[in-house]
Number of protein chains: 2
Amino acid sequence: MSGTRWLTDAEQRVWRDFSVAVNMLRAHLESQLQRDAGMPHAYYEILVVLSEAPGRVLRMSELALATRSSRSRLSHAVARMEANGWVRRESCDTDKRGSFAQLTAAGLAALAEAAPGHVEAVRESLFDVLTPDQVRQLGEISAAIRGKLAPRCAEAEAAELERLEHGD
Amino acid sequence: MSGTRWLTDAEQRVWRDFSVAVNMLRAHLESQLQRDAGMPHAYYEILVVLSEAPGRVLRMSELALATRSSRSRLSHAVARMEANGWVRRESCDTDKRGSFAQLTAAGLAALAEAAPGHVEAVRESLFDVLTPDQVRQLGEISAAIRGKLAPRCAEAEAAELERLEHGD
DNA sequence: TACCTATGGTTGAGCCCTCAACTATTTCTG
DNA sequence: CAGAAATAGTTGAGGGCTCAACCATAGGTA
């Protein structure tokens with residue numbers, strides 16, 4: 001007996017449509033940003049978060065949290081962005097392990113340059129094709145998924161801790 | 001005057017929720033599949049499409065189309081999957097440029113092994129958290145996005161052709 | 001104080017993807 | 001038929017991501 005709860009035909013159709021739609025949207029936005037602003041979407045998000053932080057500085061770990069990024073990924077990304085002159089790393093006096101990521105003027109300019117095209121792309125390919133009702137529905141659906149997955153992440157981390165602790 | 005149609009606060013909230021939800025979902029499914037079946041999601045999709053093809057064979061270009069993949073990506077992927085023993089390339093008699101991708105027994109077995117966990121993950125993190133109404137809504141929303149972006153892809157291709165043609 | 005562990009962050013390897021260039025074959029056109 | 005253009009597919013470089021290993025510092029605890 002297979003305990004697997006397979007998808008019904010209707011579910012399968014929805015899942016495939018959703019999957020394709022999301023992949024197309026991702027690919028579209030990614031390539032728009034790469035082509036017109038020379039940055040991947042992940043870097044755009046980092047710039048956004050930094051630009052909204054007080055003083056446009058953030059501890060690496062805070063930045064990782066805010067962008068839901070692993071520390072490793074962020075470290076690689078900031079290294080490259082620093083090479084681009086968009087960000088500057090600064091050491092922390094009160095905790096010598098820590099470091100800050102400081103948005104530079106060039107970084108802010110790059111963001112300002114990139115934003116209109118990106119926002120226009122989001123509007124065109126998402127909000128323009130949905131009714132106000134659908135936008136509301138999408139918000140609720142997204143919240144539901146987040147609600148499920150966010151705790152799941154925490155739980156996975158906890159399990160990981162457990163695993164490490166017991167040397168299992 | 002900025003011609004940019006910026007997002008309203010409400011739109012911005014929906015966009016960020018959506019963005020985060022989709023990223024979490026992607027990451028969750030990707031890591032589940034990688035951990036439990038040792039394959040990225042893209043390879044899973046290739047296996048699915050191949051398994052559903054008559055004779056479990058498909059021309060590379062058909063496979064690329066069906067998986068909405070670039071030929072390059074598919075070529076790299078199939079190369080690796082062939083190394084894994086999941087797929088076998090076969091040359092085409094009627095068109096000597098062409099080649100077939102043939103799903104092997106091992107490939108089918110890998111898919112059969114991977115499917116239950118993957119489907120369960122999809123169900124848990126998506127269908128279980130949505131009401132039947134929301135599932136329907138998500139289907140319509142996805143169709144709307146596809147409807148917008150699918151022609152846009154064709155259009156981009158056409159523009160590309162144009163560009164090449166005029167040596168622009 | 002001396003350890004022991006937890007935390008902040010970086011690094012390198014390996015994998016997947018994109019992009020552009022390339023080969024080989026086929027089809028179209030004069 | 002000869003040459004041009006389109007098609008099928010591969011390849012290599014380069015970039016971003018993940019994973020695991022790794023420093024260095026901080027914060028307990030004996």
Side-chain angles (χ1 to χ4, degrees), chain A residues 23 26-35 38-46 58-65 67-84 87 89-101 156-157 160-161 163-167, chain B residues 23 26-35 38-46 58-65 67-84 87 89-101 156-158 160-167:
Chain A
N23 281 333
R26 255 184 82 80
H28 178 56
L29 296 179
E30 188 74 37
S31 82
Q32 183 275 324
L33 221 34
Q34 191 63 254
R35 178 169 29 80
M39 69 177 81
H41 189 258
Y43 290 15
Y44 181 85
E45 285 185 337
I46 292 174
L58 237 39
R59 282 290 289 266
M60 289 296 280
S61 43
E62 310 256 12
L63 188 50
L65 212 62
T67 57
R68 281 155 198 89
S69 166
S70 70
R71 272 169 310 161
S72 169
R73 169 159 134 206
L74 183 65
S75 192
H76 284 296
V78 167
R80 186 159 286 270
M81 293 172 77
E82 188 168 31
N84 290 0
V87 124
R89 272 176 175 111
E90 273 163 22
S91 53
C92 175
D93 290 337
T94 69
D95 184 342
K96 291 188 176 166
R97 296 166 302 179
S99 69
F100 290 104
E157 272 174 36
E160 179 66 5
L161 280 184
R163 200 181 58 78
L164 288 173
E165 196 153 335
H166 297 2
Chain B
N23 282 334
R26 255 183 83 80
H28 177 56
L29 296 179
E30 188 73 37
S31 82
Q32 182 275 325
L33 221 34
Q34 192 65 252
R35 178 167 32 79
M39 69 178 82
H41 189 258
Y43 290 14
Y44 181 85
E45 285 187 336
I46 292 173
L58 236 39
R59 282 289 290 266
M60 290 295 282
S61 43
E62 309 257 12
L63 188 50
L65 211 63
T67 57
R68 281 155 199 89
S69 165
S70 71
R71 272 168 311 160
S72 170
R73 168 158 132 208
L74 183 65
S75 193
H76 284 297
V78 167
R80 186 160 285 271
M81 293 173 79
E82 188 168 29
N84 289 0
V87 123
R89 270 173 176 115
E90 274 163 22
S91 53
C92 174
D93 290 336
T94 70
D95 183 343
K96 290 188 177 168
R97 295 167 303 181
S99 69
F100 291 104
E157 272 175 35
E160 179 66 5
L161 280 184
E162 211 54 18
R163 200 181 58 76
L164 288 174
E165 196 154 336
H166 298 0

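Reminder, nothing fancy here: chain letters follow the sequence lines and each chain counts from 1.
If you check every strand for non-hydrogen atoms under 4.0 Å, Ala64(A) touches nothing. As judged by a 4.0 angstrom heavy-atom cut-off over every strand, Phe100(B) is placed among residues making no nucleic acid contact.
Within the 4.0 Å cut-off from OP1 or OP2 of dG8(C), not a single side-chain nitrogen or oxygen of Arg59(A) is found. Regarding contacts with the backbone of dT10(D), a side-chain N or O of Arg89(B) is found under 4.0 angstrom from either OP1 or OP2. Put simply, Tyr43(A) has no side-chain N or O that comes within less than 4.0 Å of OP1 or OP2 on dG15(D).
Set against dA20(D), dA26(D), dC17(D), the side chain of Arg73(A) has dC17(D) as its closest nucleotide. With dA6(C), dT10(C), dA8(D) as the candidates, the nucleotide lying closest to the side chain of Arg97(A) is dA6(C). Between dT10(C), dT25(C), dT18(C), one nucleotide has an atom nearer to the side chain of Ser72(B) than all others, and that is dT18(C). With dT26(C), dT18(C), dT11(C) as the candidates, the nucleotide lying closest to the side chain of Ser75(A) is dT11(C). For Ser70(B), counting side-chain heavy atoms from C-beta on, the closest listed nucleotide (dT18(C), dA8(D), dG9(C)) is dT18(C). Of the listed nucleotides (dC16(C), dA26(D), dT10(D)), dC16(C) has the atom at the smallest distance from the side chain of Arg80(B).
A donor-acceptor pair under 3.5 Å links the side-chain atoms of Glu82(B) to the main chain of Arg89(B), judged by distance alone.
Ranked by how close their nearest DNA chain C nucleotide is to the 5' end, Ser61(A) and Asp93(B) are led by Ser61(A). Between Ser31(A) and Ala79(A), the residue anchored closer to the 5' end of DNA chain C is Ala79(A), taking for each the nucleotide with the nearest heavy atom. Where Met60(B) and His76(A) each meet DNA chain D at their nearest nucleotide, the meeting point lying more 5' is that of Met60(B). DNA chain D is contacted by both Lys96(A) and Gln34(A); Gln34(A) maps to the nucleotide lying nearer its 5′ end (nearest heavy atom per residue).
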